[in-house]
Participant: 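Quick one: the structure is below, questions incoming.
Index from 1, following the sequence. Every number for a ligand or one of its atoms is a count from 1 in the order of the listing.
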Amino acid sequence: MRELVILAALVSALHVASLPTDTDVVYKCQEDQDNIAILAAERFINDHHHHGYKFKFVSLDSRRADEKTDLCEVILGITLEETECHIVNPKPLDQCTTRKESETKVTAKCNVTVLSFEGKAVVACYICDTKPDSHEILVTKCPDCPSLLPLNDPKALESVKTALQKFNKESNHKSYFKLLEVGRISTQWMFSGQDFFVQFAITETNCPKRVAYRKQKACKALCGVKARYGFCKSSKVGNEEPEVECEIYKAQNITHPMKHPLPYRGFVKIPPSIYPICPFLPPCLCQGPSDHVSPPPPPPPPTQ
Ligand SMILES: *[C@@H]1O[C@H](CO)[C@@H](O)[C@H](O)[C@H]1NC(C)=O
Ligand SMILES: *[C@@H]1O[C@H](CO)[C@@H](O)[C@H](O)[C@H]1NC(C)=O
């Protein structure tokens with residue numbers, strides 16, 4: 001009963017993901033309903049992922065069901081992959097493609113606990129292990145492809161600064177856009193020197209496009225209904241000026257992504273080159289699909 005109360009509070013407090021279609025289907029944690037649970041898991045994970053890129057479900061690796069008196073519960077081991085859609089991109093997930101090996105894939109292995117609540121599949125918690133492909137994979141698949149750099153690489157950030165100035169100078173939008181976050185940095189060495197390829201998200205500010213350079217720092221990001229976000233790709237080849245291309249999305253009335261703390265502190269090695277999926281751990285603790293392991297055998301008696 002206590003679990004039910006906690007769950008009810010959780011559902012109302014968080015508007016927990018429920019299945020978008022098939023509202024008549026009562027979810028009962030049955031194996032043939034796993035697609036419903038998976039959809040709820042994918043949606044919930046993306047709704048709580050506030051930095052970097054959206055993730056897409058790729059495979060169900062394990063499942064464990066627990067039948068309880070008043071609740072059913074299933075723990076799914078699933079694999080997701082990072083897509084090319086940044087979280088500010090309003091494109092529906094099914095139109096977002098996952099990355100190719102040549103771009104360094106990012107894979108998240110997650111354990112997700114799904115419950116049935118009022119007939120709906122509800123995510124109670126999840127924990128993921130998110131990793132980019134190793135450098136060896138990239139070199140085998142595509143020896144000439146650029147490889148990832150940490151998200152705080154100073155030279156790459158310098159190129160973003162220049163690229164953003166260039167975008168603002170050339171854009172036909174009325175406002176000045178500023179950096180929201182760097183999504184990905186990759187690099188490659190050529191005869192002409194080091195090349196940088198950076199993807200970054202930008203946000204509209206309350207300043208006009210032609211704001212003086214020294215005033216740019218004080219420009220405030222617009223929030224709520226009015227805020228428009230954008231996504232840019234810049235490339236800097238050798239000593240040349242960076243090239244930049246941005247797309248600006250229609251205002252969507254979303255929570256300002258930067259209102260959420262940076263996710264990677266304490267979870268991955270600093271500095272990371274990707275944004276991992278952070279755990280969501282409400283009252284219940286998220287356990288893996290095969291956590292019911294027997295205790296280790298006692299040590300063998302000492303030999304003489
Ligand atoms: C924008 O979102 C907020 C919070 O979700 C909501 O209260 C408000 O009504 C929304 N405004 C519009 C115009 O959709
Ligand atoms: C998921 O569960 C499995 C099996 O219990 C465990 O080995 C794995 O570490 C868990 N994954 C995470 C990210 O906690």
Participant: Run the numbers for me: atoms of ligand 2, each under 4.0 Å from some heavy atom of D129, listed by number.
Facilitator: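 Checking each atom against D129, I get 13 (C).
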Participant: Taking atom 1 (C) of ligand 2 as the point of reference, which of I75, N111, D61, L76 owns the nearest heavy atom?
Facilitator: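 It is N111 that holds the nearest heavy atom.
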Participant: Tell me if a side-chain donor or acceptor on N89 pairs with a main-chain N or O of C85 at a distance below 3.5 Å.
Facilitator: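 Looks like no, no N/O pair under 3.5 Å.
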Participant: Assess, by modelled atom type and distance only, whether the side chains of E243 and S235 contain a donor and an acceptor separated by less than 3.5 Å.
Facilitator: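 There is no such pair (donor and acceptor under 3.5 Å, judged by atom type) between the side chains of E243 and S235.
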Participant: Could you list who else is in M190's hydrophobic cluster, with ILVMFWY side chains joined at under 4.5 Å, directly or through other members?
Facilitator: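 Joined to M190, directly or through intermediates: none.
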Participant: What part of C128, side chain from CB on, backbone N/CA/C/O, both or neither, has a heavy atom under 4.0 Å from ligand 2?
Facilitator: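 Within the 4.0 Å criterion, C128 contacts ligand 2 through backbone atoms alone.
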Participant: Kindly confirm or rule out a cation-pi arrangement of R99 over Y53, judged by NZ or CZ under 6.0 Å from the six-membered ring centre and within 45° of its axis?
Facilitator: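 Satisfied, under 6.0 Å and within 45°.
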